[in-house]
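See structure below.
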Amino acid sequence: MYTLEELKSFVVNCRKCPLCRGRTNVVFGQGNPKGDILFVGEGPGYYEDQQGLAFVGPAGQLLTKAIEGIGYTRDEVYIANIIKCRPPNNRNPLKDEVNACIPYLRWQVKIIQPKIIICLGAVAATNIIDPDFKITQERGKWYEKKGIWIMATYHPSAVLRDALKKRPFWEDFKELKKKHEEIKDEIHEN
Ligand code: URA
Ligand code: SF4
């Protein structure tokens, strides 16, 4: 079994798909390697590509606010993306690119062993929960897969573009807090 650092040292040199050509940095993801909660976005944007870190631009600032709003810090969770290299002009990743890259996320999940995964936006939700996932209708619902609780909410960038998404986004974060508290109770009972 690799550690996250070993996996990262391998992924930063990846050339498995054409996105390697346009990247400044591979964005492996960062945070608590033993975090209970894993957030999964879509892929790096401009700022993430420049810095090699996930969610550090405007969307990242909103994510930070939401995480802190329910009483956590970014350091206690883990934050990653479906794809690790920035697509040109932030277009959605192509199927082949996702297929090439998603094994790295699966490895991250195996190593981190999160109790909860939060999909940020439709790209994460369709690739993690269900290919037919409808973010507007199905956000905020819990799914259990292999002992991990999974929920999707809106992508923070979508919330920044549409003020009507703010309230449901915030509701979903409160749901996340509630679920995490419940799970912690279960751990104490055992
Ligand atoms: N959007 C994403 O999906 N991921 C990031 O890391 C930043 C913006
Ligand atoms: Fe490799 Fe993923 Fe980057 Fe493609 S997007 S080059 S598969 S790390």
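When a ligand or atom number is given, it counts from 1 through the structure's own listing order.
Partner of Glu175 under the side-chain contact (heavy atoms from CB on, under 4.5 Å) criterion, chosen from Lys141, His180, Met151: Met151.
Judged by the 6.0 Å and 45° rule, Lys177 forms a cation-pi pair with Tyr72. For the pair Lys115 and Trp149, the cation-pi criterion (under 6.0 Å, within 45° of the ring axis) is not fulfilled. In this structure, Lys8 fails the cation-pi test against Tyr104, since its NZ or CZ atom is not both closer than 6.0 Å to the six-membered ring centre and inside 45 degrees of the ring normal.
Salt bridge Asp172/Arg139: present, at least one basic N to carboxylate O contact under 4.0 Å. Using a cut-off of 4.0 Å between Lys/Arg side-chain N and Asp/Glu carboxylate O, Glu181 and Lys184 are scored as salt-bridged.
Protein residues having a heavy atom under 4.0 Å from any atom of ligand 1 are Gly41, Glu42, Gly43, Glu48, Ala54, Phe55, Asn81, His155, listed by chain and number.
Ordered by chain and number, Cys101 SG make up the set of protein N, O or S atoms under 2.8 Å of atom 2 (Fe) of ligand 2.
Evaluation of the side chain to side chain contact (heavy atoms under 4.5 Å, CB included) rule for Ala54 yields Val27, Gln30, Ile79, Asn81 as partners, not counting sequence neighbours. Residues that satisfy the salt bridge (Lys or Arg N to Asp or Glu O under 4.0 Å) test with Asp96, not counting sequence neighbours, are absent from this structure.
One N or O on the side chain of Asn32 and one on the backbone of Lys34 form a donor-acceptor pair closer than 3.5 Å.
Connection of Tyr47 to Ile82 is not established within any shared hydrophobic cluster, with ILVMFWY side chains joined at heavy-atom distances below 4.5 Å, either directly or through further cluster members.
The distance from ligand 2 to the heavy atoms of Arg23 drops below 4.0 Å at these ligand atoms: 3 (Fe), 6 (S).
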